[in-house]
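First up is the structure itself, then whatever we jot down about it.
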Number of protein chains: 2
Amino acid sequence: MNTTKNIKRTKKVDVPEPTLKRMPTYTMHLKALLQQGVVNISAPAISEELHFDPTQIVKDFAFTGVKGKPKVGYSVVELIHSIEKYLGVDKKNEAFLIGAGKLGQAILSYHALQGFGINIIAAFDVDKSKVDTQYGNIQILHFDKLGELAKRLGVGIGILTVPGSAAQEAAEAMVKSGITAIWNLTPAKLRLSSNIIVQDTAMYSDVAVLLHKLNS
Amino acid sequence: MNTTKNIKRTKKVDVPEPTLKRMPTYTMHLKALLQQGVVNISAPAISEELHFDPTQIVKDFAFTGVKGKPKVGYSVVELIHSIEKYLGVDKKNEAFLIGAGKLGQAILSYHALQGFGINIIAAFDVDKSKVDTQYGNIQILHFDKLGELAKRLGVGIGILTVPGSAAQEAAEAMVKSGITAIWNLTPAKLRLSSNIIVQDTAMYSDVAVLLHKLNS
DNA sequence: TAGATTGTTAATCGATTAACAATC
DNA sequence: TAGATTGTTAATCGATTAACAATC
């Protein structure tokens, strides 16, 4: 039995990551259109607003399996449903937030995140003044309880908002607790087992791009 | 006189944006090495740690103008200086922060930002309970004062951390105040004059990528 | 029917990766 | 000198954009 062949058998019709990153922009815009009572929308019309190439928009939508009508465009409602289903927004996607500092609190209070498919069900911290308090309607628990709770509730997603210096250690504890996907908002470069999904939000990278554009 | 030709004359040796985004990762790693007393480092050695392609690392470094020695690698100190100079970290880069909510406070308390070249010198908000207080050593002023202060101090960078619903309006006020570069941390898609530099940090895009990787 | 827009295939563009000569 | 690594040119890969046929 040839393992290499088996891996290749999974036909690689994978979405480009840039497409994936544009998806939430689409749903946000489409929801605004829906509220304005717009029923159908064409790719060129969206292009006008978002400044994406119309062909690219058509291609992006095609990945979700939605069908449009020539001359008419797409049903706004259908599009929203199709994209959200494709992204897995309808799934449970329960997450723990690790590190209830300012950034963690900002994420906790950003309720729109639920609209993008992530459902934060508890937060963890080591700071005794924060532990066993509520933030919004989310309980902050001691970090020690992460392992037990993650296993009991079967939570697989962790949002990492601890200080950069504590990030690696916290991430390792998360993995031990059974967390398999980490949204890393710290500046740290995490070194974890390759089967763990890590998604970095590297703010400093964006700062570098901004400054370079400004100073050149 | 042909304008089109004049524009093209500026030989397009522009850095790829991915290169720019990797730069801060390099400086962070190199600074750690420096603290460990490492004097020289080769691209293959960095590749081992950061999992970037070694050729890509060599190319990235070349953009900054630094010179390496075959068989030895690069001087860690020289590299840091070269990259930081290239990114404009040495420049003043004074910035205002607009919106002193949780996310704004998180940015304000993230002192490492200074190490990436941005120097926040004041924050603005419309919330009376926040106005005229200090956060860390940064004064929070009323949003009304933005225009006057931006002009007086010649501040050109604005960090936008208001709620998404207020983002467009705040951004327009910033532009009127003479701000030419905006780091947009809100989910809003800003519609501004094309000469304004806007850099989005779109957290929801990263969530979309994470969930898709997890659910597939 | 005429024309706008979808859907798909082909061309282009840009970044990554590979190859290799130069060199310390 | 031998060999590792830089520096650069070429090949590959993937995403964007263009072209165009299908169709409502």
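Just so it is clear: chains get the letters A, B, ... in the order the sequence lines come, proteins before strands, and each one is counted from 1.
Residues Thr180(B) and Asn195(B) fail the side-chain proximity criterion, which asks for heavy atoms closer than 4.5 Å.
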Original post:
Could you write nucleotides 17-24 of chain C as a row of B, S and -, 5' to 3', where a protein heavy atom under 4.0 Å of any base atom gives B, of only sugar-phosphate atoms gives S, and otherwise -?
Top reply: BB----BB

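Contacts between residues 203-216 of chain B and DNA chain C, counted as heavy-atom distances below 4.0 Å, involve no residue at all. Proximity of residues 16-36 of chain B to DNA chain C (heavy atom under 4.0 angstrom from any strand atom) is restricted to Pro16(B), Pro18(B), Arg22(B).
In this view, His81(B) satisfies the ring pair (Phe, Tyr, Trp, His ring centres under 6.0 Å) rule with no residue, not counting sequence neighbours. Shown here are the side chain to side chain contact (heavy atoms under 4.5 Å, CB included) partners of Val66(A), two or more places apart in sequence or in another chain: Phe61(A), Thr64(A), Tyr74(A), Glu78(A), Leu79(A), Ser82(A). By the side-chain hydrogen bond (donor to acceptor under 3.5 Å, both in side chains) test, Lys31(A) is found to be paired with Glu84(A), residues two or more places apart in sequence or in another chain being considered. Residues satisfying the salt bridge (charged side-chain N to carboxylate O under 4.0 Å, His left out) test with Lys176(B), not counting sequence neighbours, are none. Looking at residues two or more places apart in sequence or on another chain, you find no salt bridge (charged side-chain N to carboxylate O under 4.0 Å, His left out) involving Asp200(B). Glu172(B) is linked by a side chain to side chain contact (heavy atoms under 4.5 Å, CB included) to Gln168(B), Leu192(B), counting only residues two or more places apart in sequence or in another chain.
Residue-level contact check: Tyr74(A) touches the backbone only, with heavy atoms under 4.0 Å from sugar-phosphate atoms and none from bases. Pro44(A) comes within 4.0 angstrom of sugar-phosphate atoms only, judged by non-hydrogen atoms across all strands, and of no base.
In DNA chain C, stems built from 3 or more consecutive Watson-Crick or G-U wobble pairs, each with both distances under 3.5 Å, span C:3-24 with D:3-24.
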Solution key, residues 93-106 of chain B side-chain donor-acceptor pairs under 3.5 Å, sequence neighbours excluded:
unit_1    : atom_1 : unit_2    : atom_2 : d
Asn93(B)  : OD1    : Asn215(A) : ND2    : 3.4
Asn93(B)  : ND2    : Gly88(B)  : O      : 2.7
Asn93(B)  : ND2    : Gly117(B) : O      : 3.2
Lys102(B) : NZ     : Gln105(A) : OE1    : 3.0
Gln105(B) : OE1    : Lys102(A) : NZ     : 3.0
Gln105(B) : NE2    : Ala100(B) : O      : 3.0

I'd like a table of donor-acceptor pairs (distance under 3.5 Å, sequence neighbours excluded) in which one partner is a side-chain atom from residues 32-46 of chain B, with atom names and distances.
unit_1   : atom_1 : unit_2   : atom_2 : d
Gln36(B) : NE2    : Ala32(B) : O      : 3.4
Ser42(B) : OG     : Ala45(B) : N      : 3.2

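The minimum heavy-atom distance between Asp60(B) and Met23(B), with the atom names listed, is O-CE, 3.5 Å.
By the neighbour-count criterion of 12 heavy atoms within 6.0 Å, atom CD of Glu48(B) is sparsely surrounded, having that number or fewer from other residues, nucleotides or ligands.
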